[in-house]
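Written out below as structure tokens is the structure these notes cover.
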Amino acid sequence: MSALTAFYIGLYYVAAIILIGGLAYRVYEYATTPAPLNIPTTPAPTTLMGVRFRMFREVVFFESLFKSNKWIWIFGYLFHVGLALVLLRHIRYFQDPVWFWVEFLQPFGKYASLAMVAGLAGLWARRFLVDRVRYISTPSDHLILALLIAIGLSGMAMTFVAHTDIIALKAFALGLVTFDWQPLPADAPLLVHLFLVALLMIIFPISKLLHVPGVFFSPTRNQVDNPRERRRLAPWAAALEKNNG
Amino acid sequence: MAAPQFEVPKLSDTAYTDVPKVQEGSMGHIKAFVAGQGPQEFLGYPWQLGDDWKERALDRMGQVLKKYRSVRVFLDACVHCGACTDKCHYFLGTADPNNMPVARQELMRKVYRRYFTLPGKIAPWLVGAEDLTKETLDQWFNYYHQCSECRRCSVYCPYGIDTAEITMAGREILNYVGYGQKYSNEILGKVQKIGNNLGLPGPALEDTLAGLEEDIEMDTGVAVKMPLDVQGAEILFVTPSADFFSEPHVESLIGYAKVFHAAGASWTMSSHASEAGNFGLFNGNYETMRKVAMRIRDAALQLGVKRIIVGECGHAWRVAYAFWNTLTGIGYGGDDPFSVELQKQLDPRYKQPTHICEYTWDLIQKGVLKFDKSKNDHRVVTFHDSCNVARGSRMGDEPGGQFTIPRNVIKSVVNNFHDMAPETIGESTFCCGGGGGVLTDDLMEVRVKGALPRMNAYNAVAQERGVNFLALICAICKAQFTKVVPYYGFDMSQVGGVHQLVSTAILLEQD
């Protein structure tokens, strides 16, 4: 096994552990931090089913963002839907035989990469063109967009310009999940692409990408509007009742 | 009205407020009065910064992060997308970028990142993390008192980030290091020592109510009562203390009394709990908020009432509707001895607590109340959705009842009603500019400029529809608008309560 292959194998195991472990830790942290008061942004659903439906609309359609700003919504939606299709398309590298629907999605996923990069470009443009957004942008905001665009472009280079050895790549990817390690094709676009994806996985649990688990724990969105019917009491708040009645 | 020391914004030609270009530092000179020794010590806080203020601040921040999921998640989840940047009335009115919700949060987030996250510890320059300095603390004090905790930003954030939660956390940390706000903290002293925010003692309250009873009888020939501390009354009525003597608040108080009278209700107010408002909310301190709310529970238990009704007050209704059950057991569904003690006393046929608009609307639907709408014909009315009612509570059984029920009440008592532009009412309503502990003369510039979006919307219906009455269900909105509308060329008599309209139109039978 070449040093290059060994490096990427090591990198991906480390990245996977950080991504999964880090996210699990964050989710644990969010879930175990009490929400002592009922603070849904009203009007809010009065039933649990209603809250699930609200969260579904938020996560799938970006409902609040749509109300807020059509440009951010368009660019953000292009990016996220594009990314989702591209990710689904990548499932084929990790299974043999490939599921029917993953097969079916291949051409869609291919062109979704264009939507993804176009959306990212729009979001990035706003960081320069809109004075309010320029004011709040930090270096890391620019770098994350650069990272995602570089991932998109390096991937698209392999799809649309110079193909890599896809059979060998699939063997490498399958080898990672089955612990039967195989050599990685030493193509520049592929190496760049894989390195940047690993980087993205590593920074996920320590960056603003935490909006992904965060939205599900947002009390203004995930609480039922029923405070007159239901008493909620955080453990630390219940202790107050014992102390001074 | 004294000549303002600042430039009053110009009204626009439409109902909408143009998004200004960012003007850095345009409100950097604002500083609310700082609380002195008395109120700070009463609330259990130091009253000046000690040598260890930074450690204390970070220590408190760590505790808040463990106690409140909201703060924890909101500090992590923001992606700086900019969706909220043009949603705050204070930004629209001042153009100061620190009044953009995300930037207001960022004042705390940069400190959070520096001390509580890995990237901020390793590479602060990369992620906008910064050390906690005295300058930052001063910025907190400045800009966390240019937020009315109205939650408009939380409607538009894709993750529901509620800047009010960050402002509350900021104020709690400021208090904890000895850097409190005079206005809110003095009020929190008065309500706990005397029973209401105005510091009106029991005998004075009794006198005031007796005087009002005489006024109503002179005016209508009907002996409408304003009972106080009546043991065994069915209803405990809790209203903001401004209703007892401020104009136009008192007109609504007269309205409530007439409604209770017409319904033949057995009701009472309480001198122990003569305040619906709860500034503990504004300070973000659960313990203080609980102590203030406990006075109402105590009064309810002591008087033996069966229901609790709350008068026209925005943040009070949020605390009552959304928090009383948790804080004091006023509500249903508790299985612990603390809440059961009260719940077995309350009449389960009614919502606990009930908003006065819910109560009045229910009576109207049952045909109990009779009105002569034409008595309000000199008025063309619009309704301002108070922020805390609109985005932090509900009325009735359906989501959005907080919008329909007050309007239904108004339409039952007036002939001329027009809503303001749709993007400025309902869940999108603009704060009056004086909520959340900002209603103080030392923040007058913030209040006047923050009222701009609402004033533009009001001006549009005034010009196009001849509207001349801004109906409110909040004591802070009433006080704020009374003071601020003259800056925009309107007469303060155009401001009043929903139950003021009820009071004008209601027909009382002679005994």
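Reminder, nothing fancy here: chain letters follow the sequence lines and each chain counts from 1.
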If you measure from CG on B:N325 to CG on A:N38, what distance do you get to the nearest 0.5 Å? 9.5 Å
Do B:T328 and A:E241 have side chains that get closer than 4.5 Å, going by heavy atoms? no
Less than 3.5 Å apart, any donor N or O on the side chain of A:N226 or B:Y332 sitting next to an acceptor on the other? no
Proximity breakdown for A:D141 and chain B, heavy-atom pairs closer than 4.5 Å: side chain
Donor-acceptor pairs under 3.5 Å, side chain of residues 68-79 of chain B to any protein atom, not counting sequence neighbours: which ones?
from, atom 1, to, atom 2, distance (Å)
B:R69, NE, A:Y30, O, 2.9
B:R69, NE, A:T33, O, 3.0
B:R69, NH2, A:A31, O, 3.2
B:R69, NH2, A:T33, O, 3.3
B:S70, OG, B:E165, OE1, 2.8
B:R72, NH2, B:Y112, OH, 2.9
B:D76, OD1, B:Y112, OH, 2.7
B:D76, OD2, A:Y30, OH, 2.6

Quick one: what part of A:A44 sits under 4.5 Å from any heavy atom of chain B, side chain, backbone, both or neither? backbone
Region of A:R221 that comes under 4.5 Å of a non-hydrogen atom in chain B: side chain
Part of B:A164 lying under 4.5 Å from any heavy atom of chain A: neither
If I measure from the heavy atoms of chain B, does A:R127 come under 4.5 Å with its side chain, its backbone, both, or neither? side chain
Need one label for B:S393: side chain, backbone, both or neither, based on atoms under 4.5 Å from any heavy atom in chain A. backbone
Does a salt bridge link A:E229 with B:K351, judged by any charged N lying under 4.0 Å from a carboxylate O? no
Which answer fits B:K66, side chain, backbone, both or neither, if we ask what part of it has an atom under 4.5 Å from a heavy atom of chain A? backbone
Test B:R290 against A:L240 for side-chain contact (heavy atoms from CB on, under 4.5 Å), laying out the working first. CA-CA 9 Å; B:R290 180 170 180 274; A:L240 296 174; 4.1 Å; yes
Chain B contact via A:P235 - which portion, at a heavy-atom distance below 4.5 Å: neither
A:I136 and B:T85, any side-chain heavy atoms less than 4.5 Å apart: yes
If I measure from the heavy atoms of chain B, does A:I72 come under 4.5 Å with its side chain, its backbone, both, or neither? side chain
From CA spacing to verdict: side-chain contact (heavy atoms from CB on, under 4.5 Å), A:R132, B:D86: CA-CA 8 Å; A:R132 304 186 307 279; B:D86 56 354; 3.9 Å; yes
Taking only heavy atoms into account, what residues of residues 47-59 of chain A are found under 4.5 Å from chain B? A:E58
Proximal component of B:L65, with respect to chain A [non-hydrogen, under 4.5 Å]: backbone
Quick check on B:E398 against chain A: is it the side chain, the backbone, both or neither that has a heavy atom closer than 4.5 Å? neither
Are any non-hydrogen side-chain atoms of A:Y135 and B:V102 less than 4.5 angstrom apart? no
Considering only heavy atoms, which portion of B:Q352 lies under 4.5 Å from any heavy atom of chain A: side chain, backbone, both, or neither? backbone
4.5 Å side-chain heavy-atom contact, B:F323 and A:P227: no
Looking only at B:G333, B:G400, B:P97, B:G331, most heavy-atom pairs under 4.5 Å shared with chain A are made by B:P97
Residue among A:H142, A:R230, A:E63, A:H211 with most heavy-atom pairs under 4.5 Å to chain B: A:H211
Interchain contact, A:E29 with chain B, by part (heavy-atom threshold 4.5 Å): side chain
Considering only heavy atoms from C-beta outward, does the side chain of A:L37 approach that of B:Y286 to under 4.5 Å? yes
So which residue, A:P219, A:G214, A:S137, A:S140, ends up with the most heavy-atom pairs under 4.5 Å with chain B? A:S140
Salt bridge flag under 4.0 Å for residues A:R228 and B:E358: yes
In terms of heavy-atom pairs under 4.5 Å, which option from A:L233, A:T46, A:L123, A:I39 contacts chain B the most? A:I39
So, the part of B:P353 with a heavy atom under 4.5 Å from chain A: the answer is both
N-O pairing of B:D335 and A:R231 below 4.0 Å: no
Pair A:T220-B:S154, side-chain hydrogen bond (donor to acceptor under 3.5 Å, both in side chains): steps then yes or no: CA-CA 8 Å; A:T220 60; B:S154 84; 5.5 Å; no
Between A:L209 and chain B, which part of the residue has a heavy atom less than 4.5 Å away: side chain, backbone, both or neither? neither
